[in-house]
Amino acid sequence: MTITVRPARTSDVLAIRDLVENYAGDGPRLLRKNTVTLYEDVQEFVIAELDGVIVGCGALHVFWHDLGEIRTVAVSPNSKGKGIGSKIIEALIERAKVLGLTRLFCLTFEIKFFTSHGFQPIKESPVDASTYAQLLLSGDQGVAEFLDLEHVKPNTLGNTRMLKIL
């Protein structure tokens, strides 16, 4: 069993979409993503391959000079429990460090998993008022979720906002 994590390519987008769809149905754990959005964001993704088959994905989205979000982490239901999710998180953390980020945010139902990777629950936005005002200008849904804006509350019900200091 060989697990490889690498940057995603455009040829991986349909597999990423299928992985996300596993968790985007009834009682969604992930928000459904349009295929065009996945192509637009492909450079943010890494994929995990198990013996050459794509079995996991995750993305790193930069919010600010020091802050990013780990998002869209999904592992094939048939491949859970093999450490694939952890390898994806480790690769995204390394990518964040290379980019110069010092803090990572996630919005998740998987509290135990992210806690095991050093994330801690947060209640309030961990940015100053000036940065908050700048982030309000973003059209990205994940930024709105990070800021805990009222219009995204239906998307975030039951999720925990977490932060990791690198």
Side-chain angles (χ1 to χ4, degrees), residues 1-24 28-33 37-123 125-127 135 138 140-143 145-147 155-156 158-166:
M1 176 175 86
T2 304
I3 301 167
T4 305
V5 178
R6 63 166 173 79
R9 299 185 286 256
T10 57
S11 59
D12 301 323
V13 165
L14 297 180
I16 292 169
R17 184 193 62 198
D18 292 345
L19 285 165
V20 172
E21 282 297 314
N22 286 314
Y23 302 98
R29 307 293 275 182
L30 289 176
L31 290 176
R32 183 167 276 118
K33 302 255 185 193
T37 302
L38 293 171
Y39 278 112
E40 290 171 345
D41 297 341
V42 70
Q43 71 280 355
E44 296 182 354
F45 278 87
V46 297
I47 58 103
E49 294 177 317
L50 178 60
D51 298 328
V53 176
I54 295 174
V55 294
C57 66
L60 172 66
H61 183 79
V62 175
F63 283 173
W64 204 242
H65 71 91
D66 65 336
L67 178 65
E69 178 187 19
I70 289 186
R71 54 170 62 166
T72 321
V73 176
V75 174
S76 169
N78 297 334
S79 299
K80 284 188 155 193
K82 298 179 180 175
I84 295 166
S86 290
K87 289 197 178 293
I88 290 168
I89 296 298
E90 291 163 8
L92 294 172
I93 289 170
E94 286 309 307
R95 182 183 271 191
K97 289 177 181 177
V98 168
L99 289 172
L101 301 179
T102 57
R103 300 178 300 159
L104 289 175
F105 168 77
C106 71
L107 181 69
T108 187
F109 289 104
E110 303 298 332
I111 299 163
K112 185 177 177 184
F113 174 75
F114 279 94
T115 298
S116 74
H117 291 282
F119 286 79
Q120 296 298 318
I122 59 171
K123 296 278 187 222
S125 177
V127 295
L135 290 175
S138 173
D140 184 85
Q141 190 78 354
V143 173
E145 291 167 350
F146 169 75
L147 296 175
N155 294 344
T156 63
N159 279 293
T160 298
R161 299 166 74 243
M162 302 184 81
L163 191 71
K164 175 181 176 71
I165 307 297
L166 300 180

Are any side-chain N or O atoms of [X] and backbone N or O atoms of [Y], one a donor and one an acceptor, separated by less than 3.5 Å?
{"X": "Arg29", "Y": "Tyr23", "value": "no"}
{"X": "Asp66", "Y": "Leu101", "value": "no"}
{"X": "Arg161", "Y": "Lys123", "value": "yes"}
{"X": "Ser138", "Y": "Leu135", "value": "no"}

Could you give the distance from [atom1] ([X]) to [atom2] ([Y]), rounded to the nearest 0.5 Å?
{"X": "Leu147", "Y": "Asp140", "atom1": "CG", "atom2": "CG", "value": "10.0 Å"}
{"X": "Leu38", "Y": "Thr10", "atom1": "CG", "atom2": "OG1", "value": "12.0 Å"}
{"X": "Cys106", "Y": "Arg71", "atom1": "SG", "atom2": "CZ", "value": "12.0 Å"}
{"X": "Asp12", "Y": "Phe45", "atom1": "CG", "atom2": "CZ", "value": "10.5 Å"}
{"X": "Ile88", "Y": "Leu60", "atom1": "CD1", "atom2": "CG", "value": "13.0 Å"}
{"X": "Leu104", "Y": "Ile93", "atom1": "CG", "atom2": "CD1", "value": "6.5 Å"}

*asked:* Using side-chain contact (heavy atoms from CB on, under 4.5 Å), reason through Arg17 and Lys33 one step at a time and then give a plain yes or no.
replied: CA-CA 7 Å; Arg17 184 193 62 198; Lys33 302 255 185 193; over 6 Å; no
*Run the numbers on Lys97 and Glu94 for salt bridge (charged side-chain N to carboxylate O under 4.0 Å, His left out), then give the verdict.*
CA-CA 5 Å; Lys97 289 177 181 177; Glu94 286 309 307; 3.6 Å; yes
So do [Y] and [X] actually touch side chain to side chain, heavy atoms under 4.5 Å?
{"X": "Val127", "Y": "Phe63", "result": "no"}
{"X": "Gln141", "Y": "Thr37", "result": "no"}
{"X": "Leu107", "Y": "Phe146", "result": "no"}
{"X": "Leu30", "Y": "Phe109", "result": "no"}

Closest non-hydrogen atom pair between [X] and [Y], with its separation:
{"X": "Phe119", "Y": "Met162", "value": "O-CE, 3.5 Å"}
{"X": "Leu92", "Y": "Gly58", "value": "CD1-C, 3.8 Å"}
{"X": "Ser86", "Y": "His117", "value": "OG-NE2, 3.0 Å"}
{"X": "Ile47", "Y": "Ala8", "value": "CG2-CB, 3.9 Å"}
{"X": "Glu44", "Y": "Arg95", "value": "O-NH1, 3.1 Å"}
{"X": "Arg6", "Y": "Ile54", "value": "NH2-CD1, 4.4 Å"}

*Decide side-chain contact (heavy atoms from CB on, under 4.5 Å) for Thr72 and Leu19; before the verdict, give the C-alpha distance in whole Å, the side-chain angles of both, and the deciding distance to 0.1 Å.*
CA-CA 9 Å; Thr72 321; Leu19 285 165; over 6 Å; no
*Would you mind telling me which of Val75, Val73, Val5 makes a side-chain contact (heavy atoms from CB on, under 4.5 Å) with Ile84?*
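The option that passes is Val75.
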*Verify side-chain contact (heavy atoms from CB on, under 4.5 Å) between Leu67 and Leu163, making sure each step is shown before the conclusion.*
CA-CA 10 Å; Leu67 178 65; Leu163 191 71; 4.1 Å; yes
*Report the C-alpha separation of Phe114 and Ile89 in whole Å, then their side-chain angles, then the decisive distance to 0.1 Å, and conclude whether the side-chain contact (heavy atoms from CB on, under 4.5 Å) test is met.*
CA-CA 9 Å; Phe114 279 94; Ile89 296 298; 3.6 Å; yes
